[in-house]
Amino acid sequence: MSADSANRLARMLEPAEWSAAGIPLLRNPREVVSGLHARHRPTPTTAVVAVLDPEERLRASASFTRRASAADGWVFRNSLLAQLRRVIPHDLRRRTPVRTAVLLYCRDGEARWTQEDGAWMWGLRDACTLHGLRCGAYITLTRDGWQVLGEGRGGRRPSSGSRPEAFLETAETEPPPPRTGGAASDVLRRAAAR
């Protein structure tokens with residue numbers, strides 16, 4: 001094994017490590033997953049990072065496509081941190097974090113844990129520390145549905161191949177384009193318009 005491969009393996013979390021880390025449970029994971037799915041319409045290799053307030057209301061979110069490279073928690077951490085910095089100010093001045101970041105990753109394959117998931121978990125945990133957020137759930141979205149890894153909770157809808165649930169009844173209605181950001185993006189948009 002090369003030194004680079006060994007370093008990548010060190011930047012990954014096993015499911016047991018993730019479960020032991022005390023990641024806060026989502027009160028209503030299906031609502032969070034459905035909301036992010038409707039907002040970002042992820043396809044395989046799309047990551048959606050979202051920041052929730054203490055009442056689990058969405059404060060900001062961003063989606064991006066994973067680049068084709070080896071699964072490395074350090075690379076994933078940097079990508080997540082860049083997105084968080086773009087959509088919401090950090091909370092580093094707080095003694096304890098009040099907002100929680102969750103990650104929804106849409107991918108091909110089975111719903112069970114993979115080394116790529118372990119690298120995303122490591123990246124999410126580290127990005128949250130560097131941005132002053134609590135590390136929240138890591139959720140995979142596959143053809144089989146969604147699963148909160150480390151918790152064993154999941155469902156069949158939405159899935160990576162399903163349309164956003166808000167638009168199932170009205171097929172003629174064109175869904176709105178995916179949105180990123182939140183309050184911070186609104187402030188930046190207003191500042192740019194001046």
Side-chain angles (χ1 to χ4, degrees), residues 4-26 29-30 32-37 39-52 58 60-88 90 97 99-155 158-161 178 180:
D4 187 47
S5 296
N7 285 337
R8 277 199 308 273
L9 286 174
R11 295 186 293 258
M12 136 181 350
L13 294 175
E14 297 281 338
E17 293 174 286
W18 184 257
S19 297
I23 305 299
L25 300 176
L26 290 170
R30 186 178 193 287
V32 171
V33 173
S34 295
L36 293 176
H37 184 260
R39 177 178 283 243
H40 293 277
R41 300 191 326 231
T43 56
T45 72
T46 301
V48 179
V49 62
V51 178
L52 309 176
L58 181 65
S61 65
S63 60
F64 59 99
T65 303
R66 177 186 186 271
R67 293 184 187 170
S69 63
D72 187 332
W74 186 78
V75 172
F76 294 166
R77 186 267 322 259
N78 290 343
S79 297
L80 291 167
L81 198 53
Q83 296 300 321
L84 288 169
R85 287 177 175 155
R86 191 171 64 82
V87 298
I88 199 158
H90 67 75
R99 296 185 291 189
T100 303
V102 299
L103 177 62
L104 172 75
Y105 183 58
C106 183
R107 63 173 171 76
D108 290 321
E110 297 178 12
R112 63 181 174 79
W113 181 89
T114 65
Q115 287 189 347
E116 181 183 24
D117 295 324
W120 278 114
M121 291 169 161
W122 189 95
L124 176 62
R125 185 186 67 180
D126 215 41
C128 288
T129 300
L130 294 172
H131 206 64
L133 301 168
R134 281 191 328 168
C135 181
Y138 173 71
I139 306 157
T140 58
L141 189 68
T142 64
R143 283 234 167 251
D144 296 332
W146 58 273
Q147 181 177 0
V148 183
L149 291 185
E151 291 182 25
R153 294 192 291 171
S159 68
S160 62
T180 60

message = Could you report the tightest heavy-atom contact between A47 and W120, atom names first, then the distance?
response = CB-CH2, 3.8 Å
request  = Could you tell me whether the side chain of V48 reaches within less than 4.5 Å of the side chain of Y105, counting heavy atoms only?
outcome  = no
task = Please determine, by modelled atom types, if D126 and T129 share a side-chain donor-acceptor pair under 3.5 angstrom.
result = no
ask   = Atom CE in M121, atom CG in L103: separation rounded to 0.5 Å?
value = 9.5 Å
remark   = Between R153 and L25 the two heavy atoms that sit nearest each other are NH2-CB, 3.8 Å
request  = With side-chain contact (heavy atoms from CB on, under 4.5 Å) as the test, would you mind laying out the steps for W18 and L124 before giving the verdict?
outcome  = CA-CA 11 Å; W18 184 257; L124 176 62; 4.0 Å; yes
Full working for side-chain contact (heavy atoms from CB on, under 4.5 Å) between R143 and S159 = CA-CA 5 Å; R143 283 234 167 251; S159 68; 5.6 Å; no
inquiry  = Surrounding CH2 of W113 (heavy atoms of other residues, nucleotides or ligands, distance under 6.0 Å), is the total greater than 12?
reply    = yes
ask   = Nearest 0.5 Å, what's the CD1-CG distance between I23 and L13?
value = 8.5 Å
message = With heavy-atom distances below 4.5 Å as the criterion, would you say the side chains of I139 and P29 are in contact?
response = no
ask   = Where is the tightest heavy-atom contact between S79 and F64, given as atom of each residue plus distance?
value = CB-CE1, 3.7 Å
note = Distance col, row L141:CG vs W146:CH2, nearest 0.5 angstrom, shows 10.0 Å
note = Closest non-hydrogen atoms of T100 and G136, given as atom of the first, atom of the second and distance, are CG2-CA, 3.5 Å
note = Heavy-atom closest pair (D144 atom, A111 atom, distance to 0.1 Å) is OD2-N, 4.2 Å
inquiry  = For a side-chain contact (heavy atoms from CB on, under 4.5 Å) check, start with the C-alpha distance between H131 and L80, then their side-chain angles and the critical distance, and finish with the verdict.
reply    = CA-CA 10 Å; H131 206 64; L80 291 167; over 6 Å; no
remark   = Between the CE atom in M12 and the OG1 atom in T114, the distance rounded to the nearest 0.5 Å is 8.5 Å
ask   = Is any side-chain heavy atom of R67 less than 4.5 Å from a side-chain heavy atom of V75?
value = no
ask   = Do the side-chain N and O atoms of T46 and H40 include a donor-acceptor pair separated by under 3.5 angstrom?
value = no
request  = Check whether any side-chain heavy atom of E116 lies under 4.5 Å from a side-chain heavy atom of R66, and answer yes or no.
outcome  = yes
message = Tell me the closest heavy-atom pair linking E17 and E14, and the distance in Å.
response = OE1-N, 2.7 Å
ask   = How far does SG of C106 sit from NE2 of H37, to the nearest 0.5 angstrom?
value = 7.0 Å
task = State, with a plain yes or no, whether a side-chain heavy atom of C128 is found less than 4.5 Å away from one of R134.
result = no
query = With a 4.5 Å heavy-atom cut-off, do D72 and R11 have their side chains touching?
reply = yes
message = Within the structure provided, determine whether V87 and S61 are in side-chain contact (heavy-atom separation under 4.5 Å).
response = no
Heavy-atom side-chain proximity of L58 to L52 below 4.5 angstrom = yes
